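Notes follow the structure.
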Amino acid sequence: MNSQTFYIKTYGCQMNERDSEIMAGQLRQMGYQPVNDEKSAELIIVNTCAVRGSAEEHALGYIGQLKQLKDQNPSMRLAVAGCMSQEPGTIAWLKKHAAHVDLVFGTHNLHELPKLLDKVEQSDEMVIDVWKSAGEVVEHLPSQRADGVQAFVNIIYGCDKFCTYCIVPFTRGKERSREIPAIVNEVKALAQEGYQDITVLGQNVNSYGHDLTPAVDLADLLVELEKIDGVRWLRYTTSHPRDFSQKLIDTIAQSQKITHHVHLPVQSGSNPILKRMNRKYTREQYLDLIERVKRAIPDAVLTTDIIVGFPGETEEDFEATMDLVRQVRYDAAFTFLYSPREGTPAARWEGRDPVPNPVKKERLNRLMSLQYQISLEANQQLIGRTELVLIEGLSKKNPNVWAGRTHTNKVVLIDRDPAVDLIDRFVPVRITQAKTFYLTGEVVGAPVSDPSPRRRVELPLV
Ligand code: 5AD
Ligand code: SF4
């Protein structure tokens, strides 16, 4: 046992957040204590994201800045983990530009963290241990979850889809599902601890279970999780429209717990672009899916991801995306400039047929203005309605305001009554105002949940 301190900096998606919780759990088991400031940490882990160039630049910039800390405190240890570690280019870059890094490990061997830290102590050089492919799914790893009543649970690792722009199948490997009983046991234990808002995670949760014997699917899993006492809201992310089955739609429609937020990344509204992206669906099939979701779940809140400026995207292709957004009327959209990822097919096409940067940016702006207008109009429809809101904490900008979320993932800001503590409680709230990115509301009744049995601590642990 030791009494050293650690700090984990996490970039990217919820899968990375979850990996950081598992790293933190292993470190806690070794006796390390978390700190919320890198300056006082004896071990810093940078958990990186490779999905777009901008995420990589942020992580590399941060790793560069840490050289100063390492110079001041040479016994401090610095590790680089996550998706960037799986890319050969990163290792070469770190060797050349970041000799102050002590350890590089990847997404497939994070369960070996204790062993890797031992190796660092025995070596004078940068320890690099990155597995090319994943082994068996490892169960029963310790984990240090974030505070509150929300918890994330992995159900499937990796992705077999190979969309031509995407690095994930290379950094996260092939699809591997966890067995239903292992997931059910984890969620039961979480519910007993007081977690009530559970999100099941995977790069493509809709292909969950196809690799198990006998094969099962996401709907089968959600039906089992729904039976667990104490779970109030069940979410799943992220989805692929191609595998989003009618059985899943019907399961969501009939469920009391699966939330009505449906995130369906479309990426583009143009058939030729969808084909070159290898998305395996057409615009018409996607729109048919949206219609079926709307019909079965009339209050569904629909959101999406869209890439602007994929190689060869013409004005006509882009207009098809704008038109699709007008047709679907998403509540929100995450919009991205296409970013070439080394080793992917689209990165090679980018060399031959790029959309010029100013054109990409102008299209992104047009798309964002359209979406913002639709988001505002969708939020305005909610004024006067009473929604159950999970109060997550205080607003970052104003400690006199509570920040919460509806089951459909809409942020709600509420003037705080200092006489009561409603954090981590589910509370009926009347919506009073609508903005593009959030709603405001007032508490109109007693919380429907008891205070969380989980003790809140001052320090965010991960
Ligand atoms: N460039 C831009 N956006 C990308 N995404 C994935 N890869 C890229 C890329 N190379 C976006 C997709 C995906 C989201 C998580 O990130 O929209 O759904
Ligand atoms: Fe990437 Fe496509 Fe897999 Fe999503 S489904 S992780 S975009 S390859």
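Only a predicted model underlies this, so the values are computations on that prediction, with no experimental measurement involved. We count ligands from 1, going down the list as the structure has it; atoms in each ligand are counted the same way. Residues: numbered from 1 along the sequence shown.
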Could you tell me whether [X] approaches ligand 1 through its side chain, its backbone, both or neither, with non-hydrogen atoms closer than 4.0 Å?
X: Val168; result: neither
X: Val51; result: both
X: Phe336; result: side chain

**OP:** Calculate, to the nearest 0.5 Å, the distance between atoms NE2 and CE belonging to His100 and Met126 respectively.
**Re:**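 Answer rounded to 0.5 Å: 8.5 Å.
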Original post:
Knowing that exactly one of Arg405, Lys257, Arg235 qualifies, which makes a salt bridge (Lys or Arg N to Asp or Glu O under 4.0 Å) with Asp197?
Top reply: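 Filter result, single survivor: Arg235.
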Original post:
In a check of salt bridge (Lys or Arg N to Asp or Glu O under 4.0 Å) between Arg145 and each of Glu186, Glu193, Glu17, which one passes?
Top reply: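 Among Glu186, Glu193, Glu17, the one meeting salt bridge (Lys or Arg N to Asp or Glu O under 4.0 Å) with Arg145 is Glu186.
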Looking at [X], I'd like to know if its [atom1] atom is crowded, meaning that more than 12 non-hydrogen atoms belonging to other residues, nucleotides or ligands lie closer than 6.0 Å.
X: Glu362; atom1: CD; result: yes
X: Glu316; atom1: CD; result: no
X: Lys161; atom1: NZ; result: yes
X: Lys9; atom1: NZ; result: yes

Original post:
Would Trp233 and Leu390 satisfy side-chain contact (heavy atoms from CB on, under 4.5 Å), going step by step from the backbone distance to the final call?
Top reply: CA-CA 10 Å; Trp233 286 348; Leu390 169 58; 3.7 Å; yes
Original post:
Can you list the ligand 1 atoms lying under 4.0 Å from a non-hydrogen atom of Leu337?
Top reply: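 Once the distances to Leu337 are compared, the set is 1 (N), 2 (C).
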Original post:
Of all the atoms in His240, is at least one N, O or S atom closer to atom 3 (Fe) of ligand 2 than 2.8 Å?
Top reply: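 Checking His240: none of its N, O or S atoms is under 2.8 Å.
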Original post:
Considering the options Arg341, Glu87, Met84, which one meets the side chain to side chain contact (heavy atoms under 4.5 Å, CB included) requirement together with Thr171?
Top reply: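 Only one option passes, and that is Glu87.
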To check your reading of the model: name the closest protein heavy atom to [atom], its residue, and the distance in Å.
atom: atom 1 (Fe) of ligand 2; value: Cys166 SG, 2.3 Å
atom: atom 17 (O) of ligand 1; value: Gln267 OE1, 2.7 Å
atom: atom 10 (N) of ligand 1; value: Ser339 O, 2.7 Å
atom: atom 5 (N) of ligand 1; value: Arg52 NH1, 3.5 Å
atom: atom 2 (Fe) of ligand 2; value: Cys163 SG, 2.3 Å
atom: atom 7 (S) of ligand 2; value: Tyr165 OH, 3.3 Å
atom: atom 4 (Fe) of ligand 2; value: Gln203 O, 4.3 Å

**OP:** Side-chain contact test, heavy atoms from C-beta onward, threshold under 4.5 Å: evaluate it for Glu112 versus Lys115 and give yes or no.
**Re:**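 Heavy-atom side-chain distance check passes, below 4.5 Å.
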Original post:
Is there a side-chain contact (heavy atoms from CB on, under 4.5 Å) between Phe437 and Asn379 once you walk through the steps?
Top reply: CA-CA 8 Å; Phe437 300 113; Asn379 283 346; over 6 Å; no
Closer than 4.0 Å to some heavy atom of [X] - which atoms of ligand 2 meet that?
X: Pro169; value: 8 (S)
X: Arg279; value: 2 (Fe), 7 (S)
X: Phe162; value: 8 (S)

**OP:** Applying side-chain contact (heavy atoms from CB on, under 4.5 Å), run through Arg279 and His240 and close with a yes or a no.
**Re:** CA-CA 9 Å; Arg279 289 292 288 176; His240 191 296; 3.7 Å; yes
Heavy-atom distances under 4.0 Å decide this one: backbone, side chain, both or neither, for [X] against ligand 2?
X: Val168; answer: side chain
X: Cys159; answer: side chain
X: Pro265; answer: neither

Original post:
Can a donor-acceptor pair be found between the side chains of Gln246 and Asp250 at a distance below 3.5 Å?
Top reply: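 Per modelled atom types, Gln246 and Asp250 side chains form a pair under 3.5 Å.
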Original post:
With a 4.0 Å cut-off on heavy atoms, is Arg172 touching ligand 2?
Top reply: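 No.
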Original post:
Purely on distance, is any nitrogen or oxygen of Asp305 under 3.5 Å from one on ligand 1?
Top reply: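 Among all N and O atoms of Asp305, at least one is under 3.5 Å from an N or O of ligand 1.
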Original post:
Does any N or O atom in Tyr165 lie less than 3.5 angstrom from one in ligand 1, N or O only?
Top reply: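 Indeed, backbone or side chain, Tyr165 has an N or O that close.
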